[in-house]
Structure formats: C-alpha cells, structure tokens
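Here the structure is laid out as structure tokens; the discussion comes afterwards.
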Amino acid sequence: MTATSPYQGYVYAYPHKTAYRPLDPRPPLRRVWEGEPMDSLSLYLHIPFCEMRCGFCNLFTRTGAPDELVAAYLDALERQAGAVREALDAALDSASGAAPGAPGGVPGGPVFAVAAVGGGTPTYLSAAELTRLFDLAERTMGVDLRTVPLSVETSPATATADRLAVLAERGTTRISIGVQSFIDAEARAAVRPQRRAEVEAALGRIREAGFETLNLDLIYGIDGQDARSWRHSLDAALAWKPEEIYLYPLYVRPLTGLGRRARDWDDHRLGLYRRGRDHLLAAGYEQVSMRMFRLPDPARTAAPAHTTGYCCQSDGMVGLGCGARSYTSALHYSHEYAVGTRQVRAIIDDYVRLAPGDFTAANVGFRLGDDERRRRHLIQSLLQAEGLDPAAYRARFGTEATADFGSEFDRLAARGWLETDAGWPRLTAEGLAHSDAIGPALFSGAVRELMAGYEAR
C-alpha cells in the first residue's frame, strides 16, 4: 500500500471497464450463460442521455439527444432485450437437457431479484418513454417490477410530476437524485448549473410521490467549498430526512470539464469527508461504505441487495443498453466504452443501428479465472463497512481469505486500516476513509497492466 493519495479511484466494480478488451472470437450469449445460476439475477437498464454534462462526470452519456434518437435508442434496447432473453432461455434449456423451447425445458425463465435504471439520467425520457422502458423490462425480460427492489436515478430538472408518477406506479422503491451542493455558487463551480430552489422543488415532488427510499448525492472538494458551506449542504439534505445519503469526493478525470483544473487538495477532501461522516453518524445514520450512509430501517424494501436474495459478489447481472455491463461468474462483458463526447456519440449512433442478431454475442469483456474471482469477492466485501464474511468466502472458494490474501491483510493492518474480530476482516474507520486507495491497491497485476494500456477516449 504505497499510494500517497487517498483518492486513487472509485472502485464500484472489479475489474474496471478499462481492463476490458475485444473478445475474439465473440462468444454467443447462450454459451456465456450456459450453466450459470439464474434464480437470482440483477437487471440493469442503461439510458445514456442527460440534459447537461456536469464538470466532474465521466459517465457514458451524451447531452441534448433529439427525440428521434431517444426513440431509436429505445427501439434498439427492445431488440437487444429480445435477443438477450432468447439467449438466457436457450442457456437454461441447454442446462436442463431440453431443446430450446421444447417441453421439459426450464419453466418461467430467468428470475430477477433486483432491478435498476441508471445512466446518464433515466428521467431524461418522457413519461411515455419511461412507460415503454418498464413495459420492455416486464414483458420481454420477465421481471415483476412491483415485487422486487427497483432503483431509478433522476436529476432536479427532470424529476417532474408526470415522470415521477410513472416511476411510482411501476413499483420504484428507491429514487436517487444528484444534488451535489445546496449552494448555487458551488453547483456552478462543479459545472452543474442548477439553483437550490429547483433542487428543493424536485425533492418536494419526490417526497409527495411516496417512494420508500430517497437517496441524495452530495460532493465534497468543490472549488470554494469549506467546512462551513459543507455543513450547510449536509444540513439542507438532512432536512428532507433521506433514507440514504451518498458522499462523493470530487475527482478530476481526463476528458471531463474539471479534469483540466487538477490540483492537490487531498487533505482538504479528507477533512471534509471526516466532518461529513461524523455529522451523519451523529444524526443517526449508519455507515455502509465510504460513500453510503443509511437510516437504520430493516423493514425497508429497498434494503441492501443481499437481503433480497441477490448477492453482488456471486450472482449474475444482465445489462441492457450501450453503456451497460453484464456479469457471469467467468465473464464480464459490455459494448465499447468511452468518455469523450465525440466517441460516446459515435458508439450510441452505432448501437441504434444494430440488428437483433448483433446482440446475440458478447463484444468486449474480461474473463475471470479463479484468482480474479477471489479478488473480486475480496474487494466487493472489504470495501463495505461490514467487511468480509470468512464463512461465505470459505463456502464459495474452499479456501481461507486470510491464506489467499494474507500479505494484503498484513499491509493494511500495518497502516491501521484493517482489523480482524474473531477472524472477520473489516476496514477500520480510517481504512474506510482510504477506500479509494485500498481498492485499486488490491487489483491484480494483470488488471493494472490492462488499465494502464487503455487509451482514454
């Protein structure tokens, strides 16, 4: 653990998409999913459109998409969903020994235990377009959105009453809104030109719609932000009593608006993080990870995924949309990845022209061997406040995590970032604060080499 900065990179998935490479030959999806458990899957729908591009954003998204492009994208998404569902059904039939669609095949098809719509900004879609999207998820993919946790992202400008009504009616249990700051000048500094009045009005409409879980995203480290203004945004967020709050450090990334104004402000960000963490803990929130804080409520439907039967460490994910990724135990795959505006637009333009047969194979991805599967389980567990369950690790891999990653644990413990209680490794409070250094340091050499060789575009 030699990293000098606590902000090396946000590890929301392992391996990162920059470690993906074109698959040659392209494996058919029915073979990719053959033999995979499909009784507890996650469905992710990606909408790559936003009304504006924030200065800190490195998501796969484009702004100002005309109506005809949005319609063409939904057409392509429907073609992809049909091809993917057919491949999943064929994989299940093959596992059962039946011919595809023959009597005796697996009834009911794949089972989705959790669903999410992200982007971009999904509510860039109109109310009618959102209805079409949910119809696709239910009729083609077979997920009952009203019986599983469903999370949808929105923004202050697009959280309109008609859109929210569709989300509520179709079973959305969690809605996440990027506020970033309740101070107008800070929002402008983050190249997020919104006014607090617009944010407050959107939050009012969200609460009126009655979603079980409201999540607010806030960012610390914005130019001009200090401890006092950070506390002001925290208190403004708490006034809405959100069930969840995410605290994100500001990153400056290549090919983004703020990426051209990089400077060293690690100590400042770390100080703001600690103030924010302590303030939320004092307000009764529990810490789930470095970023996520949640009001304790075991009865809430939109609880962590493991309470729904879905486990992100081991269960598969089916991603639909040109920026989505999919996970099986042996392969992570997606379409091409980009951040630059011109490249993103080109990928979206190519996606909307794809025929149904073009969606039947995986394009780019990363094959996971035994070591990488162990490493992924380690990273996704250790970066959560509850830490790594040694019994679950042993049951899955037949080995002890302390034996497989003893040297990594020793280095973390030597920094005061790891503690072991009755054999249960978990990060200390200071370890959680350094999650964005710990996660990348746990990447395998092969993944780091691939990421280093990726040409940003």
Side-chain angles (χ1 to χ4, degrees), residues 1 3 6 8-15 37 40 42 113-114 149 244-247 270 273-274 277-278 280-282 284-300 302-316 327 329 368 370-444 447:
M1 306 296 167
Q8 298 294 309
Y10 174 25
V11 182
Y12 57 89
Y14 179 80
S40 183
S42 171
V114 63
E244 295 176 3
I245 299 179
Y246 273 68
L247 306 183
L270 200 55
Y273 160 78
R274 290 171 177 145
R277 173 198 62 195
D278 294 347
L280 293 183
L281 293 176
Y285 285 74
E286 60 183 9
Q287 186 167 16
V288 179
S289 66
M290 171 186 168
R291 287 165 171 75
M292 181 182 177
F293 295 80
R294 180 183 62 207
L295 280 176
D297 183 3
R300 192 165 62 246
H306 66 265
T307 66
T308 70
Y310 177 81
C311 177
C312 66
Q313 286 92 335
S314 57
D315 291 325
Y327 305 143
S329 62
L368 287 79
D370 288 341
D371 176 72
E372 295 293 4
R373 282 193 284 269
R374 285 174 165 81
R375 201 165 284 275
R376 179 174 184 263
H377 189 108
L378 168 75
I379 291 169
Q380 291 195 306
S381 301
L382 202 60
L383 297 185
Q384 301 294 307
E386 64 183 7
L388 187 147
D389 181 345
Y393 186 94
R394 188 184 313 115
R396 185 178 181 194
F397 299 111
T399 57
E400 298 293 338
T402 50
D404 292 342
F405 299 102
S407 59
E408 288 90 339
F409 287 165
D410 289 344
R411 288 195 292 271
L412 288 171
R415 298 291 297 268
W417 293 349
L418 183 77
E419 60 186 5
T420 303
D421 182 13
W424 191 298
R426 58 170 54 90
L427 296 181
T428 62
E430 198 59 20
L432 283 173
H434 287 79
S435 292
D436 284 6
I438 292 172
L442 293 173
F443 289 5
S444 70
V447 166

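Values reported hereafter were calculated over all heavy atoms of this structure, with side chains retained and with hydrogens, waters and symmetry mates removed.
- Heavy-atom minimum distance, Ala13 versus Tyr327: CB-OH, 3.4 Å.
- Between Ala429 and Arg277, the shortest heavy-atom contact is O-NH1, 3.8 Å.
- Residues Pro440 and Gln8 share a closest heavy-atom pair of CG-CB, 3.8 Å.
- Leu427 CG to Leu382 CG: the interatomic distance, rounded to the nearest 0.5 Å, is 4.0 Å.
- A salt bridge does not link Glu244 with Arg291: none of the charged nitrogens is closer than 4.0 Å to a carboxylate oxygen.
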Inset, instruction - Please lay out, stage by stage, how Tyr14 and Ser444 fare under the test side chain to side chain donor-acceptor pair (under 3.5 Å). - result: CA-CA 10 Å; Tyr14 179 80; Ser444 70; 3.3 Å; yes

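- Here the OG atom belonging to Ser435 is positioned 11.5 Å from the CD1 atom belonging to Ile379, to the nearest 0.5 angstrom.
- A donor-acceptor pair under 3.5 Å links the side-chain atoms of Arg374 to the main chain of Phe397, judged by distance alone.
- The heavy-atom pair separating Cys312 from Gln380 by the smallest distance is O-OE1, 3.2 Å.
- Expressed to the nearest 0.5 Å, how far CG of Leu432 lies from OG of Ser289 amounts to 7.5 Å.
- Residues Ile438 and Gly431 come closest through the heavy atom pair CD1-O, 3.3 Å.
- Taking a cutoff of 4.0 Å between a charged side-chain nitrogen and a carboxylate oxygen, Arg396 and Asp389 do not qualify as a salt bridge.
- The CG atom of Leu295 lies 9.5 Å from the CG atom of Leu280; values are rounded to the nearest 0.5 Å.
- To the nearest 0.5 Å, atoms CG (Leu412) and CG (Leu442) are separated by 6.0 Å.
- A salt bridge links Asp370 to Arg373: at least one charged side-chain nitrogen sits closer than 4.0 Å to a carboxylate oxygen.
- Across all their heavy atoms, Ser40 and Ala113 have their closest contact at OG-CB, 3.6 Å.
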Inset, instruction - Verify side chain to side chain contact (heavy atoms under 4.5 Å, CB included) between Arg375 and Leu368, making sure each step is shown before the conclusion. - result: CA-CA 10 Å; Arg375 201 165 284 275; Leu368 287 79; over 6 Å; no

Inset, instruction - Carefully, step by step, assess Thr402 and Tyr393 under the rule side chain to side chain contact (heavy atoms under 4.5 Å, CB included). - result: CA-CA 10 Å; Thr402 50; Tyr393 186 94; over 6 Å; no

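- Between the OH atom of Tyr273 and the CG atom of Asp278 there is a distance of 8.5 Å, given to the nearest 0.5 Å.
- No donor-acceptor pair under 3.5 Å is formed between the side chain of Trp417 and the backbone N or O of Arg411.
- Between Arg426 and Glu419 no salt bridge is recorded (no basic side-chain N to carboxylate O distance below 4.0 Å).
- Using a distance-only test at 3.5 Å, with no hydrogens or angles considered, a donor-acceptor pair links the side chain of Thr428 to the main chain of Gly416.
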